[in-house]
Amino acid sequence: MPDVDETTITIILPDGSTQTHPAGTTGREIAEGIGAGLARDALAIKVNGEVRDLDRPLEEDAEIAILTWDDEEGKETFWHSSAHLMAEALQELYPEVKFTIGPPIDQGFYYDVDLGDQTLSADELEEIEEKMLELARRDVAYERHEVSKEDAVRHYEEEGNEYKLELIEDLEEGEISFYTQGEFTDLCRGPHIPSTGDIKAPKLLSVAGAYWRGDETNPQLTRIYGISFPKQKQLEDFLERRRLAKERDHRKLGKELDLFTFDTDQVGPGLPMWLPKGTTLRETLRDFLREEQLKQGYKPVTTPHIGRLDLYRTSGHYPYYKEDQFPPMIFDEGGEEGEEEGYLLKPMNCPHHVKIYQNDHHSYRDLPVRLAEFGTVYRHEQTGELGGLTRVRGFTQDDAHIFCTPEQVKDEFIDVIDLTIGVLDALDFEEFEAQISLRDPADKDKYVGRDALWDRAEQAIRDAVAETDLDAREEIGEAAFYGPKLDFMVEDALGREWQLGTIQVDYNLPERFELTYVDEHDERKRPVMIHRAPFGSLERFIGVLIEHCGGNFPAWLAPTQVQVIPVGDDFVDYAEEVAATLRAEDVRVEIDRSDETVGYKIREAETQKIPYMLVVGGREAEDGTVSVRSHAGGQQDTVSVDTFLSRVQDDLRPAFAGTT
RNA sequence: GCUGACGUAGCUCAACUGGUAGAGCAGCGCACUUGUAAUGCGCAGGUUGGCGGUUCGAGUCCGCUCGUCAGCUCCA
């Protein structure tokens, strides 16, 4: 070890090796010491866990890592700097622009700006993009300077930028810095990449409105989304991936595969109509879950689509959530004294299920009572929220309500988690996230139910999650007002996260409806209610499922499992025979009787993503065989119908992967 | 609900600055009778989302409205 004195520092690299350098050495110098390639790719440096500019001098011993495009933090820095570059371009093109914030995001960056009355179209985005490239080619450094709060305030008072002034208010003296590249200076904590020249391939993707600080009472700003890369090829790959993702969009596949349709004019927006093929898919999925639930002790119930307003007054849904419901059917306005009377389309199934629970007296020996219904509900979602099957106004929940004692909550939760994971596994959803939504202890007025019950429920969820090895993140303040919950989230083709399955503890409804059971000491007790839906809703689940498998459903779910293709008219009779044999074994089979070539019929079946195609002609009719082609594996071989059946038997039945 | 873009045949998309709305696929008909991803020919298909305005003339320009998409906000 060399002597260590005040002017020498020791750094530890990610591989554990150490180096000594004079104090004041920069990240860039260290990178150059390691290799020219790394120095060229270096974007920033991580010092004791903190990402910094490459050119900031190191004054103390530290663990460091040189960050490049291959590091998440390197990308973030790159995109943040790209946001500054876009801002500079905007400043040149629109001198009146006021900047607010411009952070990196998962895939790229955005900048929220106040453009006054100016709007931006696709053409203008291109123009900004051009300007960015022009500025990037000047290859100027991002320079950091620390400024006093007073100077920072003066700077933005002169510019008349109230947004930045508001941001500065929240900052402490001594932690304020500006970054400048070329003619553009921005309030910014940093860090940044060394130079604008590193940004070779910027692309502006879209423009949208966004509220200042995410509050809809604040002014609306223009948000410009973009992405950028160090190499042109990477941008091309990104655009290609995005194009492929759009191919998997369930709205596109839903049309192509004849699964569902909308008539927004006459039926209404957000009200999907399921075509025969989509309905087959939907009912297969429903039956799969229903059978599993019956095995697990759920009791099926059926309830009407409407209920009196009084039901929802008791539940608290009316009039509290009036805005989110279709307007009630009023048949008596009520007048001065009385309340209005009428019916409401049900926004959820729980009030009806509560009434079914109340149909009987319950002993602790009966509990848990598990009532299940694929119940269709209607919610008047905001117009801007509707989209495909993932956000609709009429949808069917795979709903069930479990009425149990407080002691039973944990075990019931474990069973539901197992059921949900089993369902997701059976459909090959490996990438899902679980989120435990807890109340915000600082804002207890928002929630109903006693503290002790909440604590107990939150702990029960944590314990249940721990016992199932589920990897769940906790989110404070995300609980429903009536209880904590566990949600299962899955991404769609465009990377948007959707809540599918949900398990929620509810103390509110048992209270409002004064539910009881009699315990072992002959005392009346309040049961706890658990709402749960492994799919969430069939609509959203199927929407995400379509994107997940790109329309290539597992054979057991495919609307048509087998397509029989006679090579000519003469062999339609034999095709009928084959189909009848398969149909007798509950295979969903169709015959292509069209007056087309074999090539055409194959193509047709392939584009419809039918799992198995059986080509039959003279040879097959003679031998009692079929020529098998699979969507997944192409042309296979010629076998007897029985051989084919036994081969695909397992494929055509769902396999529940749960632990029960 | 807010911001922006968009709305042409069942589907995918054309139609320069305003000048008679086109094509491919799908559909129907005829011929062909087919061997593993598109046989050929023909026919039909439209109040250019809706209402109003400007104009000699509107798919194209303007206003309103409905809807779709992206994002924001919301999400019992």
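Just so we're on the same page: letters track the sequence lines, and every chain starts at 1. Values reported hereafter were calculated over all heavy atoms of this structure, with side chains retained and with hydrogens, waters and symmetry mates removed.
- At the phosphate of B:rG10, neither OP1 nor OP2 sits under 4.0 Å from any side-chain N or O atom of A:K255.
- Comparing B:rC74, B:rA76, B:rG67 by their nearest atom to the side chain of A:P347 picks out B:rA76.
- Salt-bridge annotation for A:R629 and A:E606: present, with a side-chain N of the basic residue lying under 4.0 Å from a carboxylate O of the acidic one.
- Contacts between residues 613-626 of chain A and RNA chain B, defined by a heavy-atom separation under 4.0 Å, are made by A:V615, A:G617, A:G618, A:R619, A:E620.
- Among B:rG1, B:rA76, B:rA37, the nucleotide with an atom closest to any side-chain atom of A:I602 is B:rA37.
- Looking at the side chain of A:V598, the nearest of the listed nucleotides B:rC74, B:rG35, B:rA76 is B:rG35.
- Stem list for RNA chain B (at least 3 consecutive Watson-Crick or G-U pairs, distances under 3.5 Å): B:1-7 with B:66-72, B:10-13 with B:22-25, B:27-31 with B:39-43, B:49-53 with B:61-65.
- A:R391 contributes a side-chain N or O that forms a donor-acceptor pair with the base of B:rC75 under 3.5 Å.
- Between A:F109 and A:Y225, the gap from one ring centroid to the other reaches at least 6.0 Å.
- Evaluation of atom-type donor-acceptor distances gives a pair under 3.5 Å for the side chain of A:D595 against the base of B:rC32.
- Closest to the side chain of A:T597, from the set B:rU34, B:rA70, B:rA37, is B:rU34.
- Distances shown here put every side-chain N or O of A:S206 at or beyond 4.0 Å from the OP1 or OP2 atom of B:rG71.
- The pair A:R619-A:E622 does not count as a salt bridge, with every side-chain nitrogen at least 4.0 angstrom from each carboxylate oxygen.
- Side chain of A:R532 to main chain of A:Q504: no donor-acceptor pair is present (N/O by atom type, distance under 3.5 Å, no hydrogens or angles).
- Between A:T222 and the phosphate of B:rU3, there is no side-chain N or O to OP1/OP2 separation shorter than 4.0 Å.
- No side-chain donor-acceptor contact under 3.5 Å links A:K601 to the backbone of A:V567.
- The side chain of A:E596 approaches B:rU39 more closely than any other nucleotide in the set B:rC72, B:rU39, B:rG1.
- For B:rC16 and B:rG22, the C1' atoms lie 16 Å apart once the distance is rounded to whole Å.
- Side-chain proximity of A:R223 to B:rG67, B:rC74, B:rG71: nearest is B:rG71.
- For the OP1/OP2 pair of B:rA70 and a distance below 4.0 Å, the side-chain nitrogens and oxygens of A:R251 include at least one atom meeting the criterion.
- Residue A:T264 is the one, among A:M348 and A:T264, whose nearest nucleotide of RNA chain B lies closer to the 5' end (criterion: closest heavy atom).
- Ion pair A:K609/A:E256 not flagged as a salt bridge, since none of the NZ, NE, NH1 or NH2 atoms sits closer than 4.0 Å to an Asp/Glu carboxylate oxygen.
- Counting any heavy atom pair closer than 4.0 Å across all strands shown, A:L205 reaches no nucleic acid atom.
- Between A:F541 and A:F535, the two ring planes are tilted [angle within 30° to 60°].
- Other residues, nucleotides and ligands contribute at most 12 non-hydrogen atoms within 6.0 Å of the CD atom of A:E96.
- No contact: A:Y110 has no heavy atom under 4.0 Å from any strand.
- The aromatic rings of A:W454 and A:Y507 lie tilted to each other, with the angle between the two planes from 30° to 60°.
- Between A:R496 and the phosphate of B:rG71, there is a side-chain N or O to OP1/OP2 separation shorter than 4.0 Å.
- Between the base of B:rG40 and the side chain of A:Y600 there is no donor-acceptor pair shorter than 3.5 Å.
- Looking at which nucleotide of RNA chain B each of A:D324 and A:V628 is closest to, the 5′-most match is held by A:V628.
- The base of B:rA37 is paired with the side chain of A:R629 by a donor and an acceptor separated by under 3.5 Å.
- Between the side chains of A:D506 and A:H531, at least one donor N or O sits under 3.5 Å from an acceptor N or O.
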